[in-house]
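Below, chain A is the first sequence line, B the second, and so on; all start at residue 1. Worth knowing before you read on, the calculation uses all heavy atoms, side chains too, and leaves out hydrogens, waters and symmetry mates.
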Protein chains: 6
Amino acid sequence: MDRSVDLRVVAVRTPGFSGADLANLMNEAAIAAARENQKMVTQTHLINSIEKVMMGPERRSRAISQNEKKLSAYHEAGHALVAAALKEADPVHKISIVSRGMVGGYTMKLPLEERRFHTRAQFLADLAVSFGGYAAELAVFKDISTGSSNDIRQATDLAHQLITKYGMSERLGPRSFGHAHEMIFLGRELGAEKDYSESLGTVIDEEVDRVIGKALAAAKKIVTKHRAVLDAIANTLVEKETIERDGFEALIKKFRLKPIAIV
Amino acid sequence: MDRSVDLRVVAVRTPGFSGADLANLMNEAAIAAARENQKMVTQTHLINSIEKVMMGPERRSRAISQNEKKLSAYHEAGHALVAAALKEADPVHKISIVSRGMVGGYTMKLPLEERRFHTRAQFLADLAVSFGGYAAELAVFKDISTGSSNDIRQATDLAHQLITKYGMSERLGPRSFGHAHEMIFLGRELGAEKDYSESLGTVIDEEVDRVIGKALAAAKKIVTKHRAVLDAIANTLVEKETIERDGFEALIKKFRLKPIAIV
Amino acid sequence: MDRSVDLRVVAVRTPGFSGADLANLMNEAAIAAARENQKMVTQTHLINSIEKVMMGPERRSRAISQNEKKLSAYHEAGHALVAAALKEADPVHKISIVSRGMVGGYTMKLPLEERRFHTRAQFLADLAVSFGGYAAELAVFKDISTGSSNDIRQATDLAHQLITKYGMSERLGPRSFGHAHEMIFLGRELGAEKDYSESLGTVIDEEVDRVIGKALAAAKKIVTKHRAVLDAIANTLVEKETIERDGFEALIKKFRLKPIAIV
Amino acid sequence: MDRSVDLRVVAVRTPGFSGADLANLMNEAAIAAARENQKMVTQTHLINSIEKVMMGPERRSRAISQNEKKLSAYHEAGHALVAAALKEADPVHKISIVSRGMVGGYTMKLPLEERRFHTRAQFLADLAVSFGGYAAELAVFKDISTGSSNDIRQATDLAHQLITKYGMSERLGPRSFGHAHEMIFLGRELGAEKDYSESLGTVIDEEVDRVIGKALAAAKKIVTKHRAVLDAIANTLVEKETIERDGFEALIKKFRLKPIAIV
Amino acid sequence: MDRSVDLRVVAVRTPGFSGADLANLMNEAAIAAARENQKMVTQTHLINSIEKVMMGPERRSRAISQNEKKLSAYHEAGHALVAAALKEADPVHKISIVSRGMVGGYTMKLPLEERRFHTRAQFLADLAVSFGGYAAELAVFKDISTGSSNDIRQATDLAHQLITKYGMSERLGPRSFGHAHEMIFLGRELGAEKDYSESLGTVIDEEVDRVIGKALAAAKKIVTKHRAVLDAIANTLVEKETIERDGFEALIKKFRLKPIAIV
Amino acid sequence: MDRSVDLRVVAVRTPGFSGADLANLMNEAAIAAARENQKMVTQTHLINSIEKVMMGPERRSRAISQNEKKLSAYHEAGHALVAAALKEADPVHKISIVSRGMVGGYTMKLPLEERRFHTRAQFLADLAVSFGGYAAELAVFKDISTGSSNDIRQATDLAHQLITKYGMSERLGPRSFGHAHEMIFLGRELGAEKDYSESLGTVIDEEVDRVIGKALAAAKKIVTKHRAVLDAIANTLVEKETIERDGFEALIKKFRLKPIAIV
């Protein structure tokens with residue numbers, strides 16, 4: 001391992017990695033080094049291998065039309081812009097529209113400090129960032145694509161947890177809903193059991209809608225208000241395909257964007 | 001393999017083919033060549049074998065009444081006409097009323113470019129094309145046949161996904177519905193779990209209806225407005241049983257049909 | 001096999017027979033010939049064996065009261081009369097009140113031509129024929145018996161499919177309902193999954209009712225209007241127990257019954 | 001076997017007996033003959049053994065209070081009286097308040113002729129007979145006992161079938177409800193699947209109620225109107241514990257009870 | 001076995017005992033005799049062992065606060081008082097606040113005669129006795145404890161059976177609800193299947209409530225009206241921990257309590 | 001074992017410990033003694049090991065931000081303050097914001113005496129203590145964190161039991177809801193079966209809400225009214241990380257806090 005390697009930086013970029021993931025990471029970095037006929041694994045080998053381990057290898061060879069490239073760029077720009085515009089959101093580490101594994105692009109965020117708790121305000125900001133891509137597509141193309149399906153599923157799950165697990169709905173208060181059905185069957189859970197009435201289920205749905213609606217409204221407001229920043233990020237992505245943290249922060253600074261609180 | 005073989009053309013016509021499917025395709029083409037006592041597999045052998053691999057062998061021997069032939073011809077003509085009349089729809093490659101495997105006829109469409117995303121407008125056009133056969137039967141015979149059952153099932157599935165997976169309903173927004181129940185049991189999924197209330201389920205049903213209704217209205221309008229083109233395609237099919245892309249485009253050009261946007 | 005055997009006639013009377021069924025049929029015919037000490041299997045042996053293979057052996061020995069014989073005769077006469085009175089229904093091949101296997105009587109219909117599609121009008125006529133026995137019992141005895149339970153179950157299933165699979169309800173349109181739950185468990189399906197809301201389920205039920213009501217009204221109207229024909233068929237059945245196609249058509253002709261369209 | 005044995009009488013009294021049941025019956029009759037040191041099995045041995053095979057051995061030893069004896073007598077008298085008072089009901093063969101197996105008393109009815117069909121009127125009469133015990137308890141003791149639980153369960157099942165299987169509700173017509181769920185699991189069915197909406201389920205429940213209400217009203221009316229006959233039957237039962245067909249018919253004749261139609 | 005042993009008394013106190021239970025009882029009595037170095041098992045050994053077999057060994061060693069002792073005494077006094085105050089209830093054999101196995105105290109009732117039937121009035125009295133402890137706690141402490149959870153569960157089950165199995169609701173009549181789901185899976189039933197509509201389910205719930213409400217009202221009225229008797233029983237229990245039948249009947253006689261009918 | 005060991009104190013602090021847990025405790029204490037090179041296990045070794053066995057080892061090494069420390073301190077202070085302010089609540093034994101296993105902090109309560117029963121008032125106090133952390137976060141930070149998810153789940157379960165198992169809702173009375181589904185499958189229960197109608201389910205939900213609302217209101221009132229005490233406890237925790245019983249009681253005494261009844 002080269003002296004350049006700073007394991008703290010690697011650690012910050014690999015939250016949730018299992019031992020096997022870390023072993024895999026070292027292996028990929030070694031392969032990358034060997035391909036370049038180098039005898040030492042450098043910091044660059046490690047950092048580049050993180051994304052490969054997380055999301056699969058790059059797929060530059062895949063033909064992509066100009067339309068789709070633009071769509072992808074505005075989608076990721078939406079995520080990044082909303083993250084930059086909200087105080088409670090985690091900072092953006094990297095934006096990319098290079099295909100990896102199953103995804104067509106990605107925006108990586110990393111928390112400033114290790115956290116034991118999450119507050120309602122932080123969750124709302126996370127949701128708004130999730131809807132950044134959707135809001136950007138709608139604002140720019142007046143149409144929606146299938147590119148938001150992962151964002152939508154994860155945001156819905158999170159909104160459900162706010163209401164049914166963390167007591168974050170004022171209307172429903174500190175009450176949990178849905179016993180986790182812990183019948184492990186052939187290694188998988190069977191999902192949560194409905195332990196409340198239909199009428200309460202309707203209220204839960206309304207509260208989930210309220211949380212999603214609030215976060216979506218914040219995302220839409222940001223992409224509309226800062227359309228110039230959105231265009232700038234998207235154009236840079238179309239041109240360079242990837243923006244690292246420093247480049248992104250410089251761009252944000254240029255537009256004098258001041259992050260505000262979501263609540 | 002003969003020099004005439006253009007693998008790019010084969011590739012465009014075989015999206016979603018697995019390695020095994022491609023091996024099967026080469027085998028079928030070789031058998032076809034052998035039947036003609038030829039030593040080389042030509043482009044024609046390959047192209048003809050694609051449909052055999054996809055849908056099973058032709059069943060020309062099957063007796064078919066004149067009534068059913070006409071019904072089948074108008075049904076496929078309906079699909080093809082709607083596809084030609086909508087900007088967002090994929091172009092028609094081939095129309096046929098020769099039975100193959102389980103189907104009595106088919107209309108093949110192929111996208112102009114490889115796609116990573118699908119937009120709401122493209123999905124709406126796909127749905128309208130699906131209902132083209134149904135709309136044509138209704139317009140011509142004032143009756144409906146069982147020939148649309150596959151179209152109906154696939155269109156319903158797609159409409160569901162627009163609403164519950166891709167956030168394409170304005171009323172429901174970017175929220176997903178129905179956790180995929182991932183208990184793989186003896187190798188099969190158990191379907192999606194209802195993770196929303198009955199009252200929300202009613203709204204989801206109304207939104208699915210709205211999408212289906214919009215696409216059906218578009219299909220009905222097209223087959224009524226361009227009835228002359230519909231008759232022309234159907235008559236050609238009754239006579240020749242098959243129309244290739246070039247023939248179809250010539251026919252469309254004759255009627256000066258201009259594709260319009262669905263939205 | 002005797003020269004008298006006309007395999008086309010056998011083929012028309014054995015739709016849906018598997019290879020094993022056909023082998024069984026030849027075997028039964030051979031047994032029948034052997035019982036008569038004949039060395040050749042004749043057309044008669046074959047035709048008589050068809051019904052035995054389909055529905056089990058005749059059970060003439062079973063004691064049957066005069067009341068039940070009359071009930072059975074009117075029931076089958078009802079089916080046959082409605083079939084004869086509707087243009088879209090298949091022609092009657094044979095009527096019988098001789099018990100076979102589990103059934104107390106039967107009316108055999110066979111389509112005029114092999115069909116790939118079924119239209120809404122043909123299905124409605126099929127439903128009306130199904131209700132012919134029920135309508136006849138009600139008209140003649142002012143009571144209903146358990147003899148219609150099979151007719152009712154099959155008609156309900158068909159009416160469901162019209163609405164939920166073939167898009168034949170104007171109100172619900174081309175939309176399918178109820179994913180087939182394909183978890184094959186110990187060799188059996190688990191039935192269809194409800195993939196729609198309760199409110200839509202109510203509409204589906206109303207539409208099934210509308211279709212059943214329409215077909216039942218047609219059946220009732222026919223048995224009332226042509227009561228004389230109904231009596232004639234029933235009386236012949238009480239006397240002879242069986243009416244073949246020619247006899248039935250002669251009887252219908254005598255009454256100058258003109259088939260009308262159901263729609 | 002003694003010459004006195006009339007197998008026709010045995011056959012009439014053993015409907016639904018399997019081969020094994022019949023073998024068991026002969027065996028029990030032989031044991032009874034052996035107990036009496038007789039070398040021949042007589043008609044009496046056979047007839048007495050029928051009930052033993054059907055319901056288990058008599059349990060005369062069991063202590064029974066005078067109150068319970070009276071309750072039991074009126075309960076069985078109720079069944080028998082309603083059967084005698086309705087034209088469509090099967091005639092009473094025997095009444096007994098001697099415990100056998102799990103039951104505290106029984107009333108045996110046997111149809112006059114073998115039946116292939118059951119009509120709505122016959123079913124209604126069967127239901128009224130089922131409620132005869134319940135109606136008699138209510139009329140005599142102004143209270144209800146657990147002695148009717150079997151009657152209630154069987155009557156409910158039958159009422160359900162009238163409505164959901166035989167199309168005998170005028171309001172719902174010839175439509176079946178509830179697919180039998182045929183997943184045989186470790187040798188047992190899983191019950192019927194609800195294939196209709198909640199709103200239709202409410203109508204089905206109302207129709208079941210209407211049928212039960214009609215039959216119960218008939219039973220109540222009969223035990224009230226013919227209270228003297230009811231008392232006579234009950235008193236005879238308290239005294240003799242068993243009434244055979246001839247004795248019962250003589251008693252009915254004495255009161256000049258004329259059976260009426262239920263509908 | 002000592003001559004003092006009266007097996008009839010043992011039999012009356014051990015209803016529902018299996019052969020194994022009886023063997024266990026004899027064994028426990030023999031152990032008790034051996035502990036006292038006696039060679040004969042006396043009536044006292046047997047009677048004392050009955051409760052041990054039924055509910056487990058006494059747990060006098062367990063520390064119990066004065067508050068809990070008073071609570072327990074009033075709870076059992078409530079059961080006993082209601083039993084004594086109702087004509088249809090079974091007589092009280094013993095009251096105890098000594099812990100045994102899982103229970104903190106108990107009131108033993110035994111029927112006067114063996115019963116084949118239970119009437120509605122008897123069931124209502126049983127329910128009122130069940131609620132005696134709950135009503136006493138409420139009247140004396142103005143609070144409710146977890147000590148009634150067993151009473152509540154058993155009373156709810158019984159109330160359900162009155163309505164859904166025995167036809168004892170005037171509003172619902174002789175109709176059963178809920179097919180017992182007899183899929184025995186690894187040796188256990190799966191519970192009853194809902195074979196009725198939601199609207200009928202609401203009526204069933206209201207009827208169960210009505211029955212529970214009636215019995216609870218009777219229990220409350222008795223503990224209020226006879227508060228002096230309740231106090232006397234509870235005080236005796238706090239002092240002596242156990243009251244046998246004779247002592248209890250003497251106490252009741254002193255207060256000239258006359259049992260009344262519940263209906 | 002050192003003479004200093006007072007097993008009574010150990011017993012009071014280890015309610016619900018199994019034999020295996022106690023063996024584990026002795027083992028951990030021995031390990032702790034060995035680490036200090038001592039030959040005797042002292043009281044301190046034992047007491048410190050109790051928490052390790054209950055909640056896992058301390059995780060002081062884990063980085064924790066000042067914000068999270070303050071959040072954690074106010075959360076635990078909320079629990080402790082509410083416990084101190086309510087007569088019916090158990091006394092506080094220890095408060096800590098040192099991470100152990102999965103929890104970020106804890107407040108240990110122990111009952112004054114062993115209990116066989118729990119009253120409604122005691123349960124309400126327990127619920128209010130559960131919501132102490134939630135109420136404190138809301139009062140101090142105007143936001144809610146994920147730190148209350150365990151409190152919320154346990155409080156919801158308890159509130160459910162009050163209503164559905166212990167008859168502690170005045171509106172629903174002594175009736176139990178939800179049969180425990182005892183199909184043990186691969187060693188786990190399948191949860192409770194809904195044995196009541198939707199309309200009753202709505203009432204149950206409203207009653208659960210009423211109980212939770214009452215307890216939450218009590219908790220909110222206490223943290224607001226005694227904000228100075230809350231701040232004092234939280235500040236002490238931020239400084240010392242742990243408060244033992246004596247320290248806590250001294251602090252409470254200083255503020256002259258008088259516990260009141262919850263009802």
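Considering only residues two or more places apart in sequence or on other chains, F/E88 meets the salt bridge (charged side-chain N to carboxylate O under 4.0 Å, His left out) condition with none of them. For A/S4, the side-chain hydrogen bond (donor to acceptor under 3.5 Å, both in side chains) partners two or more places apart in sequence, or in a different chain, are A/D2. Remark: A/D209 pairs with B/R175 by the salt bridge (charged side-chain N to carboxylate O under 4.0 Å, His left out) rule, at least two apart or across chains.
Put simply, the side chain of F/E198 gets close to the backbone of A/E198: a donor and an acceptor are under 3.5 Å apart. Under a 3.5 Å cut-off, the side chain of F/E68 and the backbone N or O of A/R116 do form a donor-acceptor pair. F/T156 places a side-chain N or O within donor-acceptor distance of the main-chain N or O of A/S176, the cut-off being under 3.5 Å.
For F/K220, the NZ atom counts as loosely surrounded, since its 6.0 Å shell holds 12 or fewer non-hydrogen atoms of other residues, nucleotides or ligands. Other residues, nucleotides and ligands contribute over 12 non-hydrogen atoms within 6.0 Å of the NZ atom of F/K69. The number of heavy atoms from other shown groups lying within 6.0 Å of CD (F/E170) does not exceed 12.
For a heavy-atom cut-off of 4.5 Å, chain A lies close to F/D143, F/I144, F/S145, F/T146, F/G147, F/S149 in residues 143-150 of chain F.
The minimum heavy-atom distance between F/Y134 and A/Y166, with the atom names listed, is CE1-O, 4.4 Å.
For the atom pair CD (F/E137) and CZ (A/F117), the distance works out to 7.5 Å, reported to the nearest 0.5 Å. The distance from atom CD of F/E206 to atom CG of A/L200, rounded to the nearest 0.5 Å, is 9.0 Å.
If you tally non-hydrogen atom pairs under 4.5 Å between each of F/V203, F/I204, F/T202, F/L138 and chain A, the highest count goes to F/T202.
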